[in-house]
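In this text, all values refer to a predicted model and were calculated from it rather than measured experimentally. Lettering of chains follows the sequences in order, A, B, ..., and the numbering in each one begins at 1.
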Protein chains: 2
Amino acid sequence: MTEPKPLSQAARIRAALLQQIDGGLLRPGGRLPSERALAELFATTRITLKEALGVLEAEGRVYREERRGWFVAFPRLEYAPLHGNHFQRMADAQQRAAETRLLGVETVLASPELCRALEVPPLSSLWKIRRQRSLDGRVALYVEHFLRPERFPDIQGQDLSRSLTELYRRRYGIEYAAAVFDILPAAAQGRVAQALMLAEGSPILLVRRVNRDAAGATLDCDYEYWRHDAVRLRVDSPAAAAAN
Amino acid sequence: MTEPKPLSQAARIRAALLQQIDGGLLRPGGRLPSERALAELFATTRITLKEALGVLEAEGRVYREERRGWFVAFPRLEYAPLHGNHFQRMADAQQRAAETRLLGVETVLASPELCRALEVPPLSSLWKIRRQRSLDGRVALYVEHFLRPERFPDIQGQDLSRSLTELYRRRYGIEYAAAVFDILPAAAQGRVAQALMLAEGSPILLVRRVNRDAAGATLDCDYEYWRHDAVRLRVDSPAAAAAN
DNA sequence: GCTTTTATTTGACCTAGTCCAAAGGGATGG
DNA sequence: CCATCCCTTTGGACTAGGTCAAATAAAAGC
């Protein structure tokens, strides 16, 4: 068996931190020592230290909040998009504390992409609802909902920090019946970065969903920007669901 | 309207490179000037230059091959996992050149995770097939297939660089009938990093699929490690498929 | 006890390099 | 024409700092 190649300094630091985490000494949500303190502890520079943290971050083991610190990651939320997107219920089922904070409501002009996604004519107006979702006290998800206003008159007067699914059903008699998802890695910009407490350009996981009613008409389009250590998507084909 | 905050140097470099790419001056697959050349061009350090490239990378606009250079990204492959995973067909449908290279075949002891996924007893033996997939001449995906050997006797004697879907059907009379997918961001390690031409710890998108036959029995488990600029997953609920 | 102010801590961003090992290209020899 | 060797180029990894602005904590005042 060939001798394993020597670990880089960053790799050794990563391994040492992982040992502390896996050994239960650093708990989910617990803050790591500062970059400067860790650099001193490992007798290295902050550049090398950040390299090690960056790998742990890519692995989903730690996360950062811009200018606040590095923290040990929580377990990923299991998100089965084909089985509904009721955030509170998903969290409850997985013993997680969920919170939703409404950031804003406004009408916007639909971008060409949104016009195509929602099948509305150019220059259409849409409701834009911005919400920040947390799990166990830390921000995990930022969502921008784009709603067709003719389907949801007077929505700005409702309590939009609660479930939109339930609001649609109770107030408008509208039920989600189908959805299409696009899933891809992306980078946090502007308000997204801000809402997720990330630096501009930080990697995230984007889930875009276009929802329809039973008649097949579009209802809304949601852009879900997930911290990528926060979620694990599970998708099953129909027959698989029957087999389980 | 508030004055936009001044861009960082890295952000300005990112914007300038993006302008060259969006203006058609740098083409998909085309190599960027070296880090040193770009650092000189923008009168900055390689550290700052790499910061800018890192953001473009997270956005899926450029990609790197370790010690070979930075390149302009190709369009993402649209991958609808619920509608089959025939790589060649997907690529053909999107005017992309696909290639598959067999890296190795061996029998391995199933890990606990694989025992659970494939519902086999502890200490089970599995076939492990490793393949590297390219689009338009560049590596986009590395896959590790784990097969139940009793379902696929003598598979090591087959041409494993071609479609496994077709091989299962023709040689073994077995058809995929259902699948469950787990999708999450991860970090490239060891052979994964090597096969994808990435440095250890680079971010990737992991798609794990457990496939079953018509009777619901497990067939194999695939780990798909995607360069995260290479793919866009599309998933639709059954009713949505009917509406389209 | 709450609000405001001040000080400290935090990660972000940057400079200016060095050295290393892998990859690629060119030259040489058979 | 192919293989081998050598040289150059490439990104990876690292050092040793610096400054900035946002966040937090502590102190002071009411």
Side-chain angles (χ1 to χ4, degrees), chain A residues 3-15 30-58 62-71 137-139 187-190 193-203, chain B residues 3-15 30-58 62-71 137-139 187-190 193-203:
Chain A
E3 208 172 77
K5 75 182 184 182
L7 284 178
S8 64
Q9 181 122 330
R12 286 203 295 276
I13 296 168
R14 169 199 165 271
R31 189 211 283 239
L32 298 179
S34 72
E35 288 181 4
R36 290 169 179 84
L38 286 170
E40 197 173 345
L41 182 76
F42 289 105
T44 189
T45 65
R46 281 182 56 216
I47 300 292
T48 301
L49 193 277
K50 284 167 79 79
E51 184 63 36
L53 289 173
V55 174
L56 282 170
E57 183 181 37
V62 302
Y63 67 93
R64 79 177 90 181
E65 286 186 358
E66 192 185 6
R67 300 183 215 276
R68 294 174 180 87
W70 289 87
F71 304 82
R138 80 102 181 196
V139 177
Q189 308 292 350
Q194 212 164 23
L196 292 173
M197 294 179 180
L198 286 167
E200 295 267 340
S202 299
Chain B
E3 208 171 76
K5 76 180 183 180
L7 284 179
S8 65
Q9 180 120 335
R12 286 204 295 277
I13 296 169
R14 170 198 164 272
R31 189 209 283 236
L32 299 179
S34 71
E35 286 180 5
R36 289 173 180 82
L38 285 169
E40 199 174 341
L41 182 76
F42 290 104
T44 189
T45 66
R46 277 183 60 215
I47 300 291
T48 300
L49 194 275
K50 284 166 80 79
E51 185 63 36
L53 289 172
V55 174
L56 283 170
E57 182 180 38
V62 301
Y63 67 93
R64 76 177 91 180
E65 289 187 355
E66 193 184 7
R67 300 186 216 273
R68 296 175 181 85
W70 289 87
F71 304 83
R138 80 95 180 204
V139 178
Q189 308 291 352
Q194 212 163 23
L196 292 173
M197 295 178 179
L198 287 166
E200 294 268 341
S202 299

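- Map A43(A) and E65(A) each onto its nearest nucleotide of DNA chain D; the residue landing nearer the 5' end is A43(A).
- Distance CD (Q194(B)) to C1' (dA21(C)): 14 Å, rounded to an integer number of Å.
- E66(B) has its CD atom 8 Å from the P atom of dA23(C), to the nearest Å.
- Sorted by residue number, the members of residues 45-58 of chain B with any non-hydrogen atom under 4.0 Å from DNA chain C read T45(B), R46(B), I47(B), T48(B).
- By the side chain to side chain contact (heavy atoms under 4.5 Å, CB included) test, A10(B) is found to be paired with S8(B), T48(B), E51(B), A52(B), residues two or more places apart in sequence or in another chain being considered.
- When DNA chain D is scanned in the 5' to 3' direction for atoms under 4.0 Å from non-hydrogen atoms of chain B, the outermost contacting nucleotides are dT10(D) to dC14(D).
- Taking the side-chain hydrogen bond (donor to acceptor under 3.5 Å, both in side chains) definition, one finds that R12(B) meets it with Q9(B), sequence neighbours left out.
- Bending across the helix from dG1(C)-dC30(D) to dG30(C)-dC1(D), expressed as the angle between its end axes from five pairs apiece, amounts to 20° (10° rounding).
- Not counting sequence neighbours, the partners of F71(B) by the ring pair (Phe, Tyr, Trp, His ring centres under 6.0 Å) test are Y63(B).
- Within the structure, every pair that satisfies the salt bridge (charged side-chain N to carboxylate O under 4.0 Å, His left out) test and touches residues 36-46 of chain B, not counting sequence neighbours, is listed here: E35(B)-R46(B).
- Residues satisfying the side chain to side chain contact (heavy atoms under 4.5 Å, CB included) criterion with V55(A), sequence neighbours excluded, are R14(A), E59(A).
- The phosphate of dT15(C) (OP1 or OP2) has a side-chain N or O of Q9(B) nearer than 4.0 angstrom.
- In this structure A15(B) satisfies the side chain to side chain contact (heavy atoms under 4.5 Å, CB included) test with no other residue, sequence neighbours excluded.
- Contacts between residues 31-41 of chain B and DNA chain D, defined by a heavy-atom separation below 4.0 Å, involve R31(B), S34(B), E35(B), R36(B), listed by number.
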